[in-house]
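Per chain, numbering begins at 1; letters A, B, ... match sequence-line order.
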Amino acid sequence: MAYLLNNLTKKKEVDCIIRDTIDKVLVLRFGRAIDAVCLQLDDILAKSVREVSRFAAVALVDIDSEDVQVYVKYFDISLIPSTVFFFNAHHMKMDYGTADHTKWVGAFHRKQDFIDVVEAIYRGAMKGKLIVNCPLPPERIPRYQLLYKDV
Amino acid sequence: MQTNSPSSNPNLNSEAPKSASAKSQAAASTRGFDFCAVCRLNHDQGSRHKYFPNHKKALRDYLSRFASKLADVRFFLKNPTVLRPEHAPRNRFWCVFCDSDIQEEDSPFACYNAITHLAGAEHLKNMKHFMWKHGGSMDRMDEFRILDADFTKWKKNCAFLEKDLPAYSEGTRGRACKPLNNIQIKQGHDFVDDFVNNVNSPLNLNYSNSVMPLQCTTNEHEISDAKSTGAANDCQLYNNGPAVMSVGNRLPHSLRGTASSSYPLPKGFQTKNGVASRLANNGSLTNVDGNGGLQALENLTQISPSCGHINGNVHSGGPPPWLDASECSQMDSYANTSSSIAVPLSSSCKKSKKLNPKRVGAAWAEKRKMELEMERRGEAVKSIEDTNWLPNFGRVWQSGSRKESRKEFEKEKRKFSDVEIQPVTPVDIQPYVCKRMRGGGDPSLDASS
């Protein structure tokens with residue numbers, strides 16, 4: 001599925017897209033193209049990228065690339081796929097009711113879920129909010145275990 | 001149309017304006033009409049036409065267009081390439097100064113005839129005439145021709161290449177004589193046979209048919225054995241065509257080794273939805289795990305920070321190995337595409353008035369927009385392309401401002417790099433010198449001892 005979307009393997013490319021996406025939500029999916037859950041998420045992203053194209057841009061980052069390890073560490077990515085949202089080069093957080101507010105971990109259940117999340121982030125960002133509440137019901141948010149740092 | 005009256009004859013009609021403006025007509029008749037090839041315009045302005053601003057602008061565009069064509073030729077001047085006969089019809093070149101189409105039929109190297117033409121005296125003569133007629137600056141002449149020094153160098157390279165690769169060039173030409181078979185059409189008919197053949201020879205993997213890669217959701221071995229995954233990646237194909245395995249009626253057991261060769265594949269074994277299938281690197285078919293959908297959500301893969309050094313393959317967008325040299329140009333093209341992703345500036349200027357000035361990163365957006373605008377105008381904005389640039393990010397366990405996040409990360413990075421560097425730092429081992437010897441008979445030392 002990854003071949004349908006913009007793939008980034010270099011840190012410079014990631015820098016570029018974060019800087020150059022202006023007044024739009026940037027959705028960065030960190031993962032591996034052959035992973036099962038990544039495939040599922042990529043499918044949903046690829047299908048909805050056109051529908052959200054007026055207010056969001058989507059790009060995939062390959063975590064196996066040596067050059068982007070700095071971002072993998074900086075964004076504390078320990079589970080894949082992880083999706084990080086940006087707006088005007090500012091990180092957007094969302095309260096999913098899970099341990100990690102900084103990124104969406106796992107796949108979305110359906111296309112509309114993804115669109116809803118991106119829209120909520122866009123509306124929040126336009127009002128100047130750096131953190132927004134997740135519009136999805138808790139049963140449609142994937143659960144995972146997050147280990148405490150350095151344990 | 002045939003029954004037109006004589007009055008509607010255009011020749012007769014044109015008589016009326018002629019008589020009306022006799023003066024201008026007289027001027028035109030004495031001077032005569034000229035066709036300007038640059039403006040693509042018939043004019044009666046005589047030789048002063050070339051000083052008109054419209055002509056000057058057209059000439060600038062005309063020459064820059066030709067220069068961009070010439071850049072392609074110059075590429076082959078720098079890197080002489082053997083021209084395959086099937087590419088020869090496409091390797092044509094139109095010389096605007098000589099008004100001639102330069103064909104590359106039967107030429108051994110790419111742009112052979114074009115380069116020879118551009119270096120020739122005839123071209124120079126025609127170019128001089130063109131510049132005189134259309135008012136181009138004579139000092140730009142060298143831009144549109146090939147200098148003798150370059151030409152001789154290129155000839156030497158060509159001779160070297162010809163000597164070095166006679167077998168190669170012959171081989172490519174011989175191969176091209178065969179008719180090209182349309183794999184798109186053929187594929188549909190015998191992809192099942194192809195698949196069976198492929199399974200029969202597990203070592204000779206050639207998945208040119210539409211086999212969707214099987215996916216095993218048990219990713220444990222994938223992480224532990226990153227190398228084997230890398231090898232498996234090479235034989236995967238993501239395709240839109242019909243796939244052979246289906247999730248609905250999965251094969252009852254995984255086919256391994258010789259068992260796979262004896263397994264007959266039914267004809268109508270096609271999938272309806274997106275299939276995740278994968279061929280492991282030993283050639284066996286690993287079965288799809290039953291828990292798709294919701295259950296797969298729980299099977300998130302844990303990645304270790306020291307995961308393997310797998311470069312992206314063709315699916316994950318990694319650059320192919322043969323493009324490594326042109327990494328920079330790739331970067332440039334990327335930069336162009338990424339700026340095109342951003343909101344078009346002209347429309348966003350109007351829109352930004354409506355946008356909330358208190359939105360997230362409003363100041364950043366305005367600043368960046370100005371920079372992009374200046375870049376577009378060609379003014380080299382030396383925005384510091386810092387390789388260590390990091391976006392604003394609030395980390396998971398971070399409380400406080402987001403700047404602290406970055407500071408903390410940089411501290412971590414420094415600590416990490418220190419740990420890496422420490423074992424490398426050499427420890428100076430010096431022979432023991434006793435205090436007395438070191439003192440060199442210092443009286444105070446002697447007294448204290």
Where A:A89 and B:P391 come nearest, the two heavy atoms and their spacing: O-CB, 4.2 Å

At their closest point, which heavy atom of A:T102 faces which heavy atom of B:G394, and how far apart are they? CG2-O, 3.0 Å

Which distance, rounded to the nearest 0.5 Å, do you find between the [atom1] of [X] and the [atom2] of [Y]?
X      : Y      : atom1 : atom2 : result
A:L130 : B:R402 : CG    : CZ    : 4.5 Å
B:N392 : A:F87  : CG    : CZ    : 13.0 Å
B:E366 : A:N88  : CD    : CG    : 9.0 Å
A:Y74  : B:E410 : OH    : CD    : 7.5 Å
A:K103 : B:R395 : NZ    : CZ    : 9.0 Å
B:L390 : A:H91  : CG    : NE2   : 13.0 Å

Among A:D15, A:I18, A:D100, which has the most heavy-atom pairs under 4.5 Å with chain B? A:D15

For B:K369 and A:D23, run side-chain contact (heavy atoms from CB on, under 4.5 Å): C-alpha distance rounded to whole Å, both residues' side-chain angles, the deciding distance at 0.1 Å, then the answer. CA-CA 10 Å; B:K369 248 185 250 174; A:D23 292 335; 3.5 Å; yes

How far apart are the C-alpha atoms of A:D20 and B:R368, what are their side-chain angles, what is the distance that settles it, and do they pass the side-chain contact (heavy atoms from CB on, under 4.5 Å) test? CA-CA 7 Å; A:D20 291 351; B:R368 188 72 194 143; 2.6 Å; yes

Can you tell which part of [X] gets under 4.5 Å to a heavy atom of chain B, answering side chain, backbone, both or neither?
X      : value
A:H101 : neither
A:F75  : both
A:V84  : side chain

Region of [X] in contact with chain A, defined by heavy-atom distances below 4.5 Å:
X      : value
B:W389 : both
B:R406 : both
B:A363 : neither
B:F409 : side chain

Decide yes or no for A:M126 and B:L355: does some side-chain heavy atom of the first lie under 4.5 Å from some side-chain heavy atom of the second? yes

